[in-house]
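Please read all numbers here as calculations on a predicted model, not as lab measurements. Order of appearance sets the numbers: ligands from 1, and atoms from 1 within every ligand.
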Amino acid sequence: MQRAAPPVALYAHIPFCVSLCPYCDFVVNAGAAARGPRARVDAYVAALLAEVDLRADALDARWGPPEGAAEGRRQPLATVYLGGGTPSLLSAGAVAAILGRIRARFGLAPGAEVTLEANPGPDERGDLAGFVAAGVTRLSIGAQSLVPSELRRLGRRHAPGDVGATVAEARAAGIGSVSLDLLYDVPGQTAASWDATLAAALDLAPDHLSLYALTLDDPGAEGLTGPAGDHLPTTPGGRRWRERARAEQDEDRAAAAYDRACDVLQAAGLRHYEISNWARPGHESRHNLAYWERRPYEAVGTGAHAFDGRVRRWNAASLAGYLAALTPSSGPGPGPRRHPAPVLPPGGMEELDDATATAEEIVLGLRTDRGVPAAAAEPGEPAASALAWGLAHGLVERGSDRRLRLTRRGALLSNEVFARIV
Ligand code: SF4
């Protein structure tokens, strides 16, 4: 039986980007919403602070405040993650206000990991020294590629040199942990250009690397974009770009790129601690580990997902709906949106049954190099036949510690294994 528990981590979504990359499925408001006279950034930060208060009020009522809560109850947060979007577009003052409110209402444990996502462009990477002063300890940089033609094809605004400049600025600012995101199976990518990206990335001595295959989904077709949906509809231009790009993707090339990355990053001394993530010792993403370990986390901002150990909850993706709920509105007339104090934004929730929770636990465990206990494959266990199939086909192996883990081939074909478990 899954038990609810207070959060150990908090995710805050910052949905603004200077422009919209055509493949992007994140909740993003780009262009005029992000910059200039019609920007909604200040209004959003005010709304986000109001949501932090409302979520904290609910936790206070349920578990007590972080300080003074009974032993084993609500503890200060171990990690905070400002993701996007492009959180580095925020001023250092805005980041300080958000982290200050989180600290005041949730508590932050000594040595807490505080990550901020940044884009590398000179006008996007923001005030890194100011972010450090505000409490940021870790920077996750959206490099994606270090090959100029691939960056152009992806609609990115930065050049390869901007990635190195951002890493250097981050180090100079005193950021102790730097991560790079890279994409493979990108249109036009070759084995040689992927090698060039990996080599150039390693030259920057990152502490952590996240490698993702470019995925080209259609959230509208998947039913994720309604009024309570956690995605925004794809633009017509984005849809056309994806159709063209999809025709240039190649499963074999993607598998070869992943395989190559495993070799190159292992040789560079990085630990492959999760299917898509590599780190130097001590630089694993503690925030993401909380997700993979199914620990409870709070979340604020448009499209953000929270989990209390039993219930998943999400905010709707719509910026207008979010601001309408969290921005007090007064004045004449009744109107459904008139409320003198902030109210929680629209969204949805689902309670996980025990079978779903167990399947999730096994899938998430297999994603990491911790794996799952051998007992999960014993007859009668819900995932026994899927794990036996994985063992028989060389996709799952039993370690000397008797835990079960994906093999390299299993990581490549992980969806085949996971589909049999859920
Ligand atoms: S910069 Fe990142 S979040 Fe923003 S549109 Fe591009 S892919 Fe999406």
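Judged by the 6.0 Å distance and 45° axis criteria, Arg260 is not positioned over the aromatic ring of Trp194.
One finds no salt bridge joining Glu397 and Arg405 here, because no Lys/Arg side-chain nitrogen approaches an Asp/Glu carboxylate oxygen to under 4.0 Å.
Using 4.0 Å as the threshold, Arg156 has a heavy atom nearer than that to some atom of ligand 1.
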Between side-chain atoms of residues 96-123 and protein atoms elsewhere (two or more places apart, or another chain), which donor-acceptor pairs fall under 3.5 Å?
unit_1, atom_1, unit_2, atom_2, d
Arg101, NH1, Asp53, OD2, 2.6
Arg105, NH1, Asp53, OD1, 3.1
Arg105, NH1, Asp57, OD1, 3.2
Arg105, NH2, Asp57, OD1, 2.8
Arg105, NH2, Asp60, OD2, 2.9
Glu113, OE1, Arg286, N, 2.9
Glu113, OE2, Arg286, N, 3.3
Glu113, OE2, His287, N, 2.9
Thr115, OG1, Arg138, NH1, 3.3
Glu117, OE1, Gly84, N, 2.8
Glu117, OE2, Tyr81, OH, 2.8
Asn119, OD1, Arg156, NH2, 2.9
Asn119, ND2, Thr86, OG1, 3.1
Asn119, ND2, Glu124, OE2, 3.4
Asp123, OD1, Arg157, NH1, 3.2
Asp123, OD2, Arg35, NH1, 3.3
Asp123, OD2, Arg157, NH1, 3.4
Asp123, OD2, Arg157, NH2, 3.0

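Aromatic pair Tyr291/Tyr297: ring centres closer than 6.0 Å.
Distances shorter than 2.8 Å separate atom 4 (Fe) of ligand 1 from the protein N/O/S atoms Cys17 SG.
Using a 3.5 Å distance cut-off with no hydrogens or angles, the side chains of Ser210 and Asn277 do pair a donor with an acceptor.
Using cut-offs of 30° and 60° for the angle between ring planes, the Trp278 and His272 rings count as parallel.
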